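Computed from a predicted model, the values in this text were never measured in an experiment.
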Amino acid sequence: MYCVRNVTEDLYWVGGNDRRLALFENIHPIERGVSYNSYLLIDNKTVLFDTVDWSICRQFIENIRAVLEDRDLDYMVINHMEPDHAACIEEILLRYPKVKIVCSKKASMFMNQFGFNIHDNVIEVKEGDNLSFGKHNVTFIAAPMIHWPEAMVTYDTTDGVLFSADAFGSFGALDGKLFNDEVDFHKDWIDEARRYYTNIVGKYGPHVQALLKKASNIQIKMICPLHGPVWRNDFGYFLDKYDKWSRYEPEKKGVMIVYGTMYGNTEAAANDLATRLVKKGITNVVMYDVSKTHVSYLISESFKYSHIVLASVTYNLKIYPPMLNYIMDMKALNLQKRTFALIENGSWAPQSGKLMRELLNDMKDMTILDSDITVNSSMKEQDKDSMESICESIIQSMK
Ligand SMILES: Cc1cc2nc3c(=O)[nH]c(=O)nc-3n(C[C@H](O)[C@H](O)[C@H](O)COP(=O)(O)O)c2cc1C
Ligand SMILES: [Fe+2]
Ligand SMILES: [Fe+2]
């Protein structure tokens, strides 16, 4: 059965949801699934904006057939070539052999690389090029590295609709609801939107800033991303989040404590610090066990909070491996402008504090507080002063 929705009078959502996939990009858990959005415009010409992941191709084809009725497909605009959206390009070509593919030069190169038989169906476009489909005119805007180099976004100047590719997307399947005002975004979606942004696009903050700048010059009435809800009002809320995330500015003054522990002593030290902070009025504290929390959640929270405490055991003279993995991911995703405090633990040759400091020193605009603590196997009475001074330094640095 087809399942489509009107986005505007003549624009239809023809995407679908995957609620079975465990790991997006085979790496990020998606407990609430994911939507692959695709849009079909019915004008003098018929135009498909991006395709979907192979997993939902059958649903996608049913949707397109239902909306097209007996019309042929004239154009297919491909904004982004990652297979979660581009996997069905060849299937569309097989079913609608006369379709013209509209995409960037790099995207057409990628189509060949992926082995799609695109023949001479391609119309290459670049930033500023326009195309008319009848009533609707569109212009193309380059969006390199959001989140691949070939990416562009397409702006329908007639209706003010921005087809934003991966930008403004979110993890999470759409449960019949399509628009931002049909969900409680701040309550139910923002965490998954942040986790999507920070892990998928987080590294490319300056590119996102460049796109936001271009977007500020156009009259946006609707944002149609490739994942998650379509935005038709309250743009300020999401644009502000994107602006913060892409400038690596924290959303919240607060302390995220991430601990790596085998036997619980490092966790006990972390608990001690958390309790001290809260008793002094810093109630915005969250704690995560680095071994139990998938790193994509840690990354998302790291983009949210201003202060991060890393508490790690020493493991074969190194940082505890899951903690190292988290720090390396933070570095890979270009996180900046955070304040850190360090807790190390070891029984014979504690090293993790020094090693964590070295890694953080190598990252951009990170402040590492001087006061730190070496826990020898377990925290004891005599360690209380050091912990108190870490607590005080954190509070001072928040002012
Ligand atoms: C496989 C393994 C390797 C370890 N390597 C070191 C080490 O190189 N240096 C050290 O001081 N302690 C080392 N330790 C000891 C732990 O870091 C130490 O016992 C710590 O207090 C454990 O804290 P926890 O209770 O939070 O797990 C190692 C422990 C294990 C199990
Ligand atoms: Fe992508
Ligand atoms: Fe995507």
Side-chain polar contacts of residues 112-121 - donor-acceptor pairs under 3.5 angstrom, sequence neighbours left out - could you list them?
unit_1, atom_1, unit_2, atom_2, d
Asn112, ND2, Ser108, O, 3.3
Asn121, ND2, Pro97, O, 3.0
Asn121, ND2, Val99, O, 2.8

Check: Phe185 ring centroid to Phe238 ring centroid under 6.0 Å:
yes

Whether Lys380 side chain and Ser378 backbone form a donor-acceptor pair below 3.5 Å:
yes

Among Trp245, Phe171, Phe168, whose ring-ring contact (aromatic ring centres under 6.0 Å, His included) with Tyr197 holds?
Trp245

Residues two or more places apart in sequence or in another chain: which of them pass ring-ring contact (aromatic ring centres under 6.0 Å, His included) with Phe303?
Tyr248

With ring pair (Phe, Tyr, Trp, His ring centres under 6.0 Å) as the rule and sequence neighbours excluded, what pairs involving residues 269-302 come up?
none

Ion pair present between Asp10 and Lys135, side-chain N to carboxylate O less than 4.0 angstrom?
yes

Regarding Arg32 and the six-membered ring of Trp189, is the cationic atom NZ or CZ under 6.0 Å from the ring centre and inside 45° of its axis?
yes

Determine which pairs satisfy ring pair (Phe, Tyr, Trp, His ring centres under 6.0 Å) with at least one residue from residues 201-223, sequence neighbours left out, and list them in order.
Tyr204-His207

Kindly state each residue pair satisfying ring pair (Phe, Tyr, Trp, His ring centres under 6.0 Å) with at least one member in residues 311-357, sequence neighbours excluded.
Tyr315-Tyr320

Backbone N/O of Gly254 and side chain of Ser306: donor-acceptor pair under 3.5 Å:
yes

Using the ring centroid of each side chain, check whether Tyr237 and His186 are separated by less than 6.0 Å.
yes

Could you pull out all donor-acceptor pairs under 3.5 Å where a side-chain atom in residues 19-27 meets a protein atom, sequence neighbours excluded?
unit_1, atom_1, unit_2, atom_2, d
Arg19, NH2, Leu174, O, 3.2
Arg19, NH2, Asp175, OD1, 3.2

